[in-house]
Amino acid sequence: MSISELIDLASSNDKNAKSKVALAKLISIVERGGEGARQLGRAIFAKTGNAYVVGITGSPGSGKSTLTDKLITSARVDSRVCVLAIDPTSPFSGGAILGDRVRMNDHVDDDRVYIRSMATRGHLGGLSYSVPEVIRLVDAAGFGLIIVETVGVGQVEVEIAGAADTTVVVVNPGWGDSVQANKAGLMEIADIFVINKADRPNAKETMRDIQSMLDLGIRNDAWRPPIINTIATNGDGIDELYKSICQHGDFVRSTNELVERRNKRDKEDLIRVLKRSLEDIISQGWEDPSIAQLKKRCLDHELDPYSASEQIIKQLFSVSERKT
Ligand SMILES: Nc1nc2c(ncn2[C@@H]2O[C@H](COP(=O)(O)OP(=O)(O)O)[C@@H](O)[C@H]2O)c(=O)[nH]1
Ligand SMILES: [Mg+2]
């Protein structure tokens, strides 16, 4: 099946599993990278820009997957929902991926819901190269809402905030001790705070704690992040959370905020695609005989790596021209 046939099938709202199978195939193409991914990226670009992206971040075990599972039930009424669960732990662990799948099992047969776990492939703890591209793909396939779940570990939180239109930060009662160093960072990225496991002691203190940090006004935009108590396991507070997400969506659409966020993202996309294209050029040409001599001279310390790189780059580009 051609890429455009797969895209059409993935976009269709069929009642059998074919559309999900097509989408899974397309995601694999993105993850493999190279010319296939580039071709796909070109084909879908014009169809992108319609989905709303919600990032959900927080420490492992804070209840993000349980919350997401409940959110799907509210959100699927309004639009097709895709969940991308990013697992920044080692791709060898596998446990978290299985855990998410099992927990969100309720939605497996729902043709309006697509759930996918992705490993970050050790990209220095950051969002995997592929994640923004998969977001675009799912967007082009007509999903109105994309929820991206990430474990909040520093840099990833910042990156997810960059990829999302609304960022939900999940904490638990008594969060103070565990994320002390990171509080300011969380304040910067959170559009909505969730205190999940509100059935546990100290939810009130945590609420006061966040309030007083918000009062310091690290972010001086017109939106003050609401703080919502939830008990994800029994669904308490989920309606309020979904309502807040919609309200924040209305806010960013009615101000210049959404346009600004997406402009910034487009710029990052361009740089990322550019870097990836350069990496492809390097790996395609690396074994070409035309640079063998330069590599050897560098390894023999006759040529410093800086001068060697400059000359290798010129060669790599001509190799790439020859191949296309
Ligand atoms: N007591 C309580 N447990 C919860 C709540 N939400 C989630 N949990 C439990 O916390 C554990 C971790 O939840 P999970 O959704 O996997 O967290 P994640 O790692 O952030 O995705 C699971 O055992 C959940 O059942 C809650 O509101 N209250
Ligand atoms: Mg999870």
Side-chain angles (χ1 to χ4, degrees), residues 53-75 81-108 113-121 125-128 131 134-135 145-157 159-161 163-164 166-179 182 185-186 189-190 192-207 210 226-242 244-245:
V53 183
V54 174
I56 298 193
T57 191
S59 314
S62 55
K64 300 177 298 296
S65 297
T66 317
L67 273 171
T68 302
D69 176 61
K70 293 289 186 343
L71 260 184
I72 293 171
T73 309
S74 306
V81 183
C82 172
V83 175
L84 300 175
I86 318 298
D87 175 13
T89 55
S90 147
F92 301 109
S93 80
I97 293 179
L98 190 62
D100 283 337
R101 288 227 175 108
V102 169
R103 204 164 295 112
M104 297 187 198
N105 239 354
D106 285 357
H107 306 286
V108 161
V113 178
Y114 182 78
I115 297 166
R116 170 87 177 209
S117 292
M118 294 179 70
T120 48
R121 300 263 158 81
L127 271 194
S128 130
V131 173
V134 171
I135 291 175
L145 180 68
I146 303 170
I147 300 176
V148 186
E149 180 195 328
T150 53
V151 173
V153 278
Q155 188 53 28
V156 176
E157 285 155 357
E159 286 185 41
I160 183 80
T166 297
T167 299
V168 178
V169 169
V170 182
V171 300
N172 296 136
W175 73 316
D177 314 322
S178 55
V179 287
N182 216 355
L186 292 179
I189 62 161
I192 297 169
F193 273 102
V194 166
I195 304 174
N196 186 46
K197 307 197 184 181
D199 52 318
R200 297 215 173 142
N202 300 324
K204 280 208 183 93
E205 287 83 345
T206 303
M207 171 79 81
I210 298 172
I227 308 166
I228 300 163
N229 283 302
T230 60
I231 303 172
T233 34
N234 68 12
D236 277 17
I238 301 295
D239 284 347
E240 198 190 338
L241 172 59
Y242 184 57
S244 287
I245 291 171

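Computation of the quantities below employed the complete heavy-atom set of this structure, encompassing side-chain atoms and omitting hydrogens, waters and symmetry-equivalent molecules. Whatever order the structure lists them in is the order used to number ligands and atoms, beginning at 1.
From Leu67, atom CG reaches atom OG1 of Thr230 across 4.5 Å, with rounding to the nearest 0.5 Å. Note: Asp199 CG to Asp236 CG = 8.5 Å, rounded to the nearest 0.5 Å.
Side-chain atoms of Glu205 and Pro173, non-hydrogen and from C-beta on, never get closer than 4.5 Å to each other. Residues Ile115 and Ile72 have side chains in contact (heavy-atom distance under 4.5 Å, counting atoms from C-beta outward). The closest side-chain heavy-atom distance from Asn172 to Asn196 is below 4.5 Å.
Interface of Ile231 with ligand 1, defined as ligand atoms under 4.0 Å from a residue heavy atom, comprises 27 (O). Heavy-atom proximity to Glu149, at under 4.0 Å, picks out these atoms of ligand 1: 21 (O). Ligand 1 places these atoms under 4.0 Å from at least one heavy atom of Ser59: 20 (O).
Assignment of Gly58 to the shell around ligand 1 is not supported, since no heavy atom sits closer than 4.0 Å. Using a 4.0 Å cutoff on heavy atoms, Ala198 does not count as a contact of ligand 1.
Taking the N/O/S atoms of Glu149 in turn, the shortest distance to the Mg ion (ligand 2) belongs to OE2.
The distance from the Mg ion (ligand 2) to the nearest N/O/S atom of Thr66 is not under 2.8 Å.
The two residues Leu241 and Ile228 come nearest to each other via the heavy atoms CA-CD1, 3.8 Å. Closest of all the heavy-atom pairs between Ile146 and Ile135 is CD1-O, 3.5 Å.
Of all the heavy atoms of Asp199, the ones lying under 4.0 Å from any atom of ligand 1 belong exclusively to the side chain.
Across the listed options Thr66, Asn172, Asn196, Thr150, Asn196 owns the non-hydrogen atom lying nearest to atom 6 (N) of ligand 1. Among Gly237, Ala232, Gly63, Pro60, the residue whose heavy atom lies nearest to atom 17 (O) of ligand 1 is Gly63.
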